[in-house]
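Chain A is the first sequence line, chain B the second, and so forth, proteins listed ahead of strands; every chain is numbered from 1. If you're wondering where the values come from, they're calculated on a predicted model, not measured in any experiment.
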Protein chains: 2
Amino acid sequence: MGRPRGFDEEQVVRAARDVFWEKGFDGTSTADLCAATGLNRSSLYNTFRSKEHLFLRSLAAYITVSTNSMVETLDDDRREGLDRIRALLSEIADDAARTREQGPGSGCFVVNTTTSTAAHDPAVARMLDADRDRRLAALRTAVLAGRADGSVHPDRDPEATAWYIVSVISGIRVAGQSGAGRTVLESIARTAIEALRA
Amino acid sequence: MGRPRGFDEEQVVRAARDVFWEKGFDGTSTADLCAATGLNRSSLYNTFRSKEHLFLRSLAAYITVSTNSMVETLDDDRREGLDRIRALLSEIADDAARTREQGPGSGCFVVNTTTSTAAHDPAVARMLDADRDRRLAALRTAVLAGRADGSVHPDRDPEATAWYIVSVISGIRVAGQSGAGRTVLESIARTAIEALRA
DNA sequence: CCGGTTCTGGTCCGAACGTTCCACAAACCG
DNA sequence: CGGTTTGTGGAACGTTCGGACCAGAACCGG
């Protein structure tokens, strides 16, 4: 009952995500959000309680698609464990390269947030922690699968190796923002895999 | 001639660096800078033209000590090439762990800036680019030394490998901010080295 | 077609922002 | 010791910030 919304909430969140992604939480004003979403301040505050709440929604939206895609790649049991990880790093490098190629890139929203907002916003930190755990879990099982099928070196501890790959992914993402081109990013991914080889 | 300054400029820059490091450019107000440096707004603006200029000075100060230390480790020709890189990653992991242990860490100022301010401030981007080139050069020579003395696998291209290590370093730094503890960070560093082994 | 409920556009708010300005304090030079 | 130069404290600038508010528009069930 009452007047219906003149916008699609998910669509608004996506638009907001792009702004936060590009400018960061501190660098984004409510005016920026109005401009990007097409919504008036009132509608924004009526729908999402505050700038921070909208940021959390935006971050969650990003995390969902990004980590879902990652888990999908890592759970593909038609491939050997190492091959899945190789495919994952290849996707990451490609994604970083593409993000970079179109305009002065904004890198990865999760990494950007980890290195800025997370330190001062507990709610953001908690969301990132949960996502990190999910990524670590998916990586751990892929490493275990790799050790079982003989593609991953038996000395590689699943937990430590999962962290290594998480770290490599962040590294590739930052390298993309540091000016590394596609071929460089792909070579980083290839080199990183060498550490896991059986 | 004229009244002398009541403060040490380098010391002020260091204080400013710590604030920018912790809160980022956007998150730092001129009031924060006054509080941290003990200087009045007037003295701040009289000495450094603007907030951005002070930020550049702060970043330069950080880069100098950080990259000098890195180059020193990498140029130690009493060790084999791979050993130098191992020592470097060990220092980075230790540094990340220490930064993390004292308060909710602020990670690495260079990484934080790369993932936020660099995209929108050309002067900052130029400074980071120059520093990255210096780090890449030092790494390249260490890799070359390692190939010559047989400690680094001959298939490892110096340029690509230098980028790989730069990327691993960023990754370790981000991992530190993602909640990885000392032992995890050290294990990441050890795993990363495995990719280079002869 | 009307009462109720929700959404929307615009305005307004106090606070904080980066920066400028000015009156005065403090030192050096002659 | 007077004049010049430079640094300092603090107030003030206009702007922008995140957020609150309200009058009216748009739709609902009856």
Side-chain angles (χ1 to χ4, degrees), chain A residues 1-60 113 116-124, chain B residues 1-60 113 116-124:
Chain A
M1 48 186 80
R3 179 174 173 179
R5 295 221 163 116
F7 57 91
D8 174 28
E9 194 167 315
E10 309 271 325
Q11 197 171 322
V12 166
V13 169
R14 273 195 299 271
R17 151 174 62 79
D18 289 346
V19 186
F20 281 130
W21 185 359
E22 193 193 328
K23 306 197 186 193
F25 181 78
D26 287 330
T28 301
S29 70
T30 55
D32 291 333
L33 294 167
C34 291
T37 60
L39 265 67
N40 193 284
R41 260 191 181 71
S42 306
S43 302
L44 270 181
Y45 275 84
N46 195 29
T47 312
F48 318 94
R49 297 176 26 87
S50 67
K51 186 186 168 189
E52 198 210 338
H53 279 73
L54 180 50
F55 182 81
L56 286 167
R57 287 281 304 265
S58 303
L59 184 58
T113 305
S116 53
T117 315
H120 306 289
D121 189 321
V124 168
Chain B
M1 51 186 81
R3 177 175 172 178
R5 296 218 163 119
F7 58 89
D8 174 28
E9 196 168 314
E10 309 272 324
Q11 196 172 323
V12 166
V13 169
R14 273 195 299 272
R17 151 174 60 79
D18 289 346
V19 187
F20 280 129
W21 185 358
E22 193 193 329
K23 306 198 183 189
F25 182 78
D26 287 330
T28 301
S29 70
T30 56
D32 291 333
L33 294 168
C34 291
T37 59
L39 262 67
N40 193 282
R41 263 193 181 72
S42 307
S43 301
L44 230 43
Y45 273 86
N46 195 28
T47 312
F48 319 93
R49 296 175 31 87
S50 67
K51 185 186 169 189
E52 199 210 337
H53 278 75
L54 180 52
F55 182 81
L56 286 167
R57 288 282 303 265
S58 303
L59 184 58
T113 305
S116 54
T117 316
H120 307 290
D121 188 322
V124 167

Just list the side-chain donor-acceptor pairs under 3.5 Å for residues 40-48 of chain A, sequence neighbours left out, or say none.
| unit_1 | atom_1 | unit_2 | atom_2 | d |
| --- | --- | --- | --- | --- |
| A/N40 | OD1 | A/S42 | N | 3.1 |
| A/R41 | NH2 | A/T30 | OG1 | 3.1 |
| A/T47 | OG1 | A/S43 | O | 2.6 |

### Message
Over all strands shown, is A/S29 touching base, sugar-phosphate only, or nothing at heavy-atom distances under 4.0 angstrom?
### Response
sugar-phosphate
#### Entry: Outermost DNA chain C nucleotides near chain B [under 4.0 Å, heavy atoms]
C/dC17 to C/dA27
### Contact nearer the 5' end of DNA chain C, comparing B/D26 with A/T47
A/T47
Could you write out each protein N or O paired with an N or O of nucleotides 25-28 of chain D at a distance under 3.5 Å?
| unit_1 | atom_1 | unit_2 | atom_2 | d |
| --- | --- | --- | --- | --- |
| D/dA25 | N3 | A/R3 | NH1 | 3.0 |
| D/dA26 | O4' | A/R3 | NE | 3.3 |

### Message
Counting only heavy atoms and a strict 4.0 angstrom limit, can you tell me which residues of residues 49-56 of chain A come near DNA chain D?
### Response
A/S50, A/K51
### Task
Could you grab the distance from atom CZ of B/F25 to atom NZ of B/K51, nearest 0.5 Å is fine?
4.5 Å
### Task
Report yes if some heavy atom in the side chain of B/F20 is under 4.5 Å from a heavy atom in the side chain of B/T113; otherwise report no.
no
### Task
List for me each residue that meets side chain to side chain contact (heavy atoms under 4.5 Å, CB included) alongside B/H120, sequence neighbours excluded, and say none if there are none.
A/E22
### Query
Taking only residues two or more places apart in sequence, or in another chain, which ones meet B/S116 in a side chain to side chain contact (heavy atoms under 4.5 Å, CB included)?
none
### Query
Around B/K23, counting heavy atoms of other residues, nucleotides and ligands shown, do more than 12 lie under 6.0 Å from its NZ?
no
### Task
With the side chain counted from C-beta on, respond yes when A/F55 and A/D121 share a heavy-atom pair under 4.5 Å apart, and no when they do not.
no
### Task
Strictly below 4.0 Å, heavy-atom distances to any atom of DNA chain C: list the hits from residues 33-45 of chain B, or just say none.
B/R41, B/S42, B/Y45
### Message
Looking at B/T37 and B/L33, would you say the former's side chain and the latter's main chain have a donor-acceptor pair under 3.5 Å?
### Response
yes
### Message
Minimum heavy-atom separation for B/A36 and B/A15, please, with both atom names.
### Response
O-CB, 3.7 Å
### Summary
Rounded to the nearest 0.5 Å, the CZ atom of B/R49 sits from the CG atom of B/L54 at a distance of 13.0 Å
### Task
Tell me, please, which residues at least two apart from B/R5 pass side chain to side chain donor-acceptor pair (under 3.5 Å).
B/E9
### Query
Excluding sequence neighbours, so at least two apart, what forms side chain to side chain donor-acceptor pair (under 3.5 Å) with A/D32?
A/S29
### Task
Can you sort out which residues in residues 6-19 of chain A have a heavy atom within less than 4.0 Å of DNA chain C? Ascending by number, please.
A/G6, A/F7
